[in-house]
Amino acid sequence: MAYDFARIEKKWQGVWEKEKPYAAVTGDKRPKFYGLIEFPYPSGQGLHVGHPRPFTAMDIITRKKRMQGYNVLFPIGFDAFGLPTENYAIKNHIHPAIVTKKNIENFTRQLKMLGFGFDWDRVVDTTDPTYYKWTQWIFLQLWKKGLAYKATMPVNWCTSCKCVLANEEVVEGVCERCGSPVVQKEKSQWMLRITAYAQRLIDDLDELDFIERVKIQQKNWIGRSTGAEVTFKATTGDDIVVFTTRPDTLFGATYMVLSPEHALVKKWMPKLKNADDVRAYQAAAASKSDLERTELSKEKTGVCLDGVAAVNPVNGREIPIFISDYVLASYGTGAIMAVPAHDDRDWEFAKKFGCEIVEVVAGGEDVQKAAFTAKDDTGVLVNSEFLNGLTVRQAIPAITKWLEEKGIGKAQVNYKLRDWVFSRQRYWGEPIPMVWCEKCGWQPLPEDQLPLVLPDVESYEPTDDGESPLSKMTDWVNTTCPCCGGPARRETDTMPQWAGSSWYFLRYMDPHNDKALASKEALDYWSPVDWYNGGMEHTTLHLLYSRFWHKFLYDIGVVPTKEPYAKRTSHGMILGEGGVKMSKSRGNVVNPNDVVAKYGADTLRLYTMFIGDFEKAAAWSDEAVKGCKKFLDRVWALAEAGPEGEDVTPANERILHQTIKKVSDDIEEMKFNTAIAAMMTLVNELYKSKPSKGDMEILLRLLSPFAPHVVEEMWQMLGFDGRAMAQSWPEYDEAKTVEHTKELAVQINGKLKSTVSVPADADDDAVIAAAQAEPKVARAMEGMEIVKAIVVKNRLVNLILRPKK
RNA sequence: GCGGGUAUGGUGGAAUUGGCAGACACGCGGGAUUUAGGUUCCCGUGGGCAACCGUGGGAGUUCAAAUCUCCCUACCCGCACCA
C-alpha cells in the first residue's frame, strides 16, 4: 500500500518545528558529537539534487549518534557573499542583501522539506554584520601578527569578473568561476601569509583522520622541496641567488636563467648591448595569459643578456645569463642555475640556444642525447673535483656543507604554496577594515568600530579601471586616520568568498555571542569538529584556508585545538541519467522539489544513499528511485497490517541481530547503500511470516535516521511510546548473529563441485568426512586419493586429489 | 609529464579483505489479483544444450585471485616549465 507521504511529512516537520529535537546543548554532560557539512551558497536556482547526498549522509550519522546518547551539534548556515548574487543584483538592480535574504528563505524551506535534523537556532549567515564583524576581527588579528600585508605584485586577473583571483582560483589558466582567461596584472593587494604555516599544514596532517586522497592533494599543493640556495657572482659584482634541488650538479651549471621579471634585469638594462631585444621579450612575456604560457610550454624561448655574465662559484668559470619565461618569478628566487646534462628543461633550452652540456653525473645515457635526471644512487659524480666518486645521495649533503663553509650557499626548503591574495575588487564581500593615511600608512580600524558595515551604493559594477564599486562612495571612503586623526581613506577592496567560510564552524558553537566570535566555554566544549564531510573541490581552497586560519587562532589563544577537523570524508558527485554531468544546457537537471512532490522526502533521502558507493560519482536514475519508494511502501504495509505478538519472533531473531550489526557498522563507514540493502533483505524476510511488534520496533529504529518522517508515523501508529528518533540505537548480540549450521563450498582441486551443510565451527575432520559423503564429490573421488585437504572454517573445504597408484 | 583513482550481468552496484562472484535494487520474462492499465503479491533472470566459461587485456604467485605481483589498454580527477 502506498502511504500518504505528503501529509505525513508535513505533519512531522510541524512537530519538529515545535519540539526542537535537534537542539544542541553546550555544556551538556553527554559526550558531544559535532558533525559538519559544508554550508551551501544560497544561489537563485535553489537547492540542487547534489546537495542532499552529503547532507543526508551526515544527517543519518548524527541521528544515529543522538540515538546512541550523544549530545549532537549538526548545524547549518549560508555562505552568502559571492559573485552570482552580485551579478544578479547588477542585472536586476536589486540590492544583493535582498536577493540573499530571498534565496536563504528558499533554501531554508527546501532544507526543512527534506527533514534534515539541523539545529535551526544556530543558523549562520556570512553576510550578516553580526557575523562578519568577527571575520573582520580575525583579519585585524592577522594584521597585528604581520600575517596580513599589502603588496604590489603580478596577480591573477580575471578579464570577465574584473577581479583578482587567488592561485587556487585559477584552473588551467582560466577563472575557476566563469571560465574566462586570466592574465597577470600588477596590482597592490592584501595578502595573507599562509606560507608561514606551510610546514605545519603538512606535518599536522599526519595526526588527522582525513581520507588519504585529501592528504595527498594538500601535500602536493603545498609542494615542499628541499635543496640549497647558492649565490653566484655576476661580472657586475651583483649577487644572483638561485634555489636548486640538485646542488650536487653545481659543476655542471653552464649558464643561468632569470625570470623576465627579475629585478637584476632592470638594473642591468643600461649595460646591455641587446637591451631592445630584452625589453621586447619582457613585454611579450608579460602580455601572455596564464593559458598561453602553459600552452606554449612546448618550445623554450629566451634571450641571452649581452654584456653581463655570471661566475660559477665552484670552478670560477664564466657562464652566460639568459632570461626566459620557463623560470617563474614567483617560485624560489626567480633565478636558476642551468644544468643541461641533468635537467630536462635545461637540456631542451641548451639544445635550442647552443649552450654547453657538461656531464657531472655518470650512469645514464649520453647526455648529449638526453638529460640524465636520476636522483638516487644509480648515478656517480664525475668532473666535479672533490665530489667525484660520490653517489648523488651522498654528494648533496657534501656539497651543501661545503657551500655553507665557504659562505656561498645553504640548505633551503621551498614550497609551491604562495601567499593568499586576499582582496577582491567587488562589492558583495566583507569590507577590509583598514584605513590609509598619507602620514601613518595603513592603519587598522579600532576593534570597537567593528563591524565595518558594507555601505549602500548606487551601482554594484566594478569601475572600468578595475576598482571596487565602493571606491565611488566618496563619503564612505573619506574618513579620519585612527592614528593621527588626519584625513584618510578606507580600503575599498573586499574580502574573497573564502573569508567567511574559513571559520564558520566556530560560530556555530556559539552563534549569538556579541562579545567574541564564540565563548571559551563553547569552544572548549565543542572543539574540534568530529567529522566534516565535503567536496573534493575544496581540498586546496576552503579546507586548506580554514586549517590555516584555525592554526592562527590557536596560536593567539582563541581556539583550544591545533586543527579544526578531526576527520574529513568526501562524497562523489551526482551525475545526470547516463553518467553525464548535470547542467542546464543538457536539460538533465533533477530538481529535489519535483522528486519530493512525486515520491516524498524520505524516498529521496533513501535513494540518494542507495544510489551507490558514497565516495564515488553516481548517475541519477528516475527508474531506480521507484525501488526505494517501493521499499518504504512495503514497510508501511507491514505496519498497517498490524504486527502479531509482542516480543521478537524467535525465527527472526538472527536476521534482526545481523541487520543491526550490518547497519550500525555500515553507517560508521559511510556504506549507506549496503546498510539499506541489509534492511531490504530484512523486510523481505519479515514478509515471509507476520512480524511481531518487537520485530517492527527494531526495524523502525534502524530505519529512523534514513526515513525519519514515515518511521515516526509508523511508530505512532503501532502505539509505541515517545518518538522513534529519541529511542536508543538498537544493540546486537554477536552470539545471536551466528548461524548454527553453515553451508560450506566443497572444491575439488580448487574448483567448486558442491556444497555441504555442517554445524557451525565443525572441526576439520568432520567437514572433510561430510564433504566426501556428498554424492557428487563421492563420484569424483572414484579411483582417486586425497593428497591434501584445506579447510577454511565455516567457509569451504578444498580436496586435492590425484589418481590412486 | 607527475600524482591519485576506476574498470564486475542489460543497468546501478555487492563480495566478511585471498575462500561458493553477482547481495540489494532497477530492468526484463512468467504467474496470481484486477473489466483493463497501474498498483500489489509470488517465481525466474551472468553466458552456454552440455562439459564448462566468466570480474578491461596479457603473464605470474597460490590448494584457492575481482582481491596479491608484473606488463599493457581505456576512462575519470588533481597538479603541471615549481629549478
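A, B, ... follow the sequence lines: proteins, then strands. Residue 1 opens every chain.
Look at CD on Glu615(A): it is 16 Å from P on rG4(B), rounded to the nearest Å. Note: CE (Met536(A)) to C1' (rG3(B)) measures 12 Å, nearest angstrom. Distance Leu541(A) CG to rC77(B) P: 17 Å, rounded to the nearest Å. Between the P atom of rG38(B) and the CG atom of Asp633(A) lies a distance of 17 Å, rounded to the nearest Å. Between Leu575(A) atom CG and rC75(B) atom C1' there is a gap of 14 Å when expressed in whole angstrom units. Between the CD atom of Gln658(A) and the P atom of rA14(B) there is a distance of 20 Å, given to the nearest Å. The CD-C1' distance, from Glu229(A) to rA83(B), rounds to 13 Å in whole Å. Between the CG atom of Leu799(A) and the P atom of rC63(B) there is a distance of 15 Å, given to the nearest Å.
For the P atom pair drawn from rG19(B) and rA65(B), the interatomic distance equals 11 Å after rounding to whole Å. The separation of rC63(B) from rC70(B), taken at their C1' atoms, amounts to 23 Å, rounded to a whole angstrom. rG57(B) and rU6(B) have their C1' atoms separated by 16 Å, with the value rounded to a whole Å. Taking atom C1' on both rU35(B) and rU39(B), the two are 16 Å apart, rounded to the nearest angstrom. The P atoms of rU55(B) and rG47(B) are separated by 15 Å, rounded to the nearest whole Å. Spacing of C1' atoms, rG3(B) relative to rG48(B), comes out at 44 Å, to the nearest Å. rA23(B) and rC68(B) have their C1' atoms separated by 24 Å, given to the nearest Å. rG56(B) sits 13 Å from rG10(B) when the P atoms are compared, rounded to a whole Å.
The aromatic rings of His538(A) and His542(A) stand perpendicular to each other, their planes meeting at an angle above 60°, with 30° marking the opposite boundary.
Nucleic acid contact for Thr244(A): sugar-phosphate only, since backbone atoms but no base atoms lie under 4.0 Å from a heavy atom of the residue. Residue Ala619(A) is out of contact with every strand shown, counting any heavy-atom pair closer than 4.0 Å. Using a 4.0 Å heavy-atom cutoff across all strands shown, Lys671(A) reaches sugar-phosphate atoms only and no base atom. Base engagement by Phe610(A) is indicated by at least one non-hydrogen atom pair under 4.0 Å involving a base atom. Residue Gln747(A) is in base contact, counting any heavy-atom pair closer than 4.0 Å across all strands shown. Contact annotation for Lys630(A): backbone-only contact, meaning every heavy-atom pair under 4.0 Å involves sugar-phosphate atoms and none involves a base. Using a 4.0 Å heavy-atom criterion, one finds that Asp613(A) contacts the sugar-phosphate atoms exclusively. Among the atoms of the strands shown, only primed sugar atoms or phosphate atoms (P, OP1, OP2) are found under 4.0 Å from some heavy atom of Gly627(A). Residue Arg224(A) is classed as having no contact, given no heavy-atom separation below 4.0 Å to the nucleic acid. Among the heavy atoms of the strands lying under 4.0 Å from Leu796(A) is at least one base atom, whether or not backbone atoms are also near. Using a 4.0 Å heavy-atom cutoff across all strands shown, Ile790(A) reaches at least one base atom of the nucleic acid. Backbone-only contact: Asn684(A) has heavy atoms under 4.0 Å from sugar-phosphate atoms and none from a base.
With a glycosidic angle further than 90° from 0, rU73(B) counts as anti. Glycosidic conformation at rG9(B) (O4'-C1'-N9-C4 for purines, O4'-C1'-N1-C2 for pyrimidines): syn, within 90° of 0.
Using the Watson-Crick or G-U wobble rule with both distances under 3.5 Å, rU45(B) pairs with rG27(B). With a 3.5 Å ceiling on both atom-pair distances, the Watson-Crick or G-U wobble partner of rA74(B) is rU6(B). Look at rA36(B): it lacks any Watson-Crick or wobble partner with both distances under 3.5 angstrom. Base-pair partner of rC79(B): rG1(B) (Watson-Crick or G-U wobble, both distances under 3.5 Å). In this structure, rA59(B) and rU69(B) make a Watson-Crick or G-U wobble pair, each of the two defining distances being under 3.5 angstrom.
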Chi angles and distances behind the side chain to side chain donor-acceptor pair (under 3.5 Å) call for Tyr331(A), Ser225(A): CA-CA 11 Å; Tyr331(A) 183 76; Ser225(A) 61; 2.9 Å; yes
Side chain to side chain donor-acceptor pair (under 3.5 Å) between Glu348(A) and Tyr326(A), worked out: CA-CA 11 Å; Glu348(A) 206 183 306; Tyr326(A) 86 90; over 6 Å; no
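The phosphate of rG18(B) (OP1 or OP2) has no side-chain N or O of Arg795(A) nearer than 4.0 angstrom. Contact annotation: Lys616(A) does not reach the phosphate of rC75(B) (side-chain N/O to OP1 or OP2, under 4.0 Å). Phosphate proximity of rC20(B) to Asn798(A): absent, as no side-chain N or O sits under 4.0 Å from OP1 or OP2. Distances shown here put every side-chain N or O of Lys662(A) at or beyond 4.0 Å from the OP1 or OP2 atom of rA14(B). Distances shorter than 4.0 Å separate some side-chain N or O of Ser225(A) from OP1 or OP2 on rA83(B).
Figure legend: cation-pi geometry between Lys629(A) and Tyr3(A), with NZ or CZ positioned under 6.0 Å from the six-membered ring centre and within 45° of its axis. Relative to the ring axis of Tyr687(A), Arg634(A) places its NZ or CZ within 45° and under 6.0 Å from the centre.
Residue Glu623(A) places its side chain closer to rC26(B) than to any other of rC41(B), rC20(B), rC26(B). Of the listed nucleotides (rC41(B), rC63(B), rC81(B)), rC81(B) has the atom at the smallest distance from the side chain of Tyr326(A). For Phe243(A), the side-chain atoms get nearest to rA83(B) when compared with the rest of rC20(B), rC81(B), rA83(B).
Looking at heavy atoms from C-beta onward, Thr195(A) lies out of side-chain contact with Tyr415(A) at the 4.5 angstrom threshold. Contact of the Phe631(A) side chain with the Phe610(A) side chain is not registered, since no non-hydrogen atoms from C-beta on lie closer than 4.5 Å.
Taking CZ of Arg568(A) as the reference point, atom CG of Leu543(A) lies at 4.5 Å (rounded to 0.5 Å).
Heavy-atom nearest nucleotides on RNA chain B were determined for Lys688(A) and for Lys753(A), and the one closer to the 5' end corresponds to Lys688(A).
One N or O donor and one acceptor, one from the side chain of Lys300(A) and one from the base of rC81(B), sit under 3.5 Å apart.
Test Lys416(A), Glu261(A), Arg418(A) against Ser330(A) for side chain to side chain donor-acceptor pair (under 3.5 Å) and you get one pass: Arg418(A).
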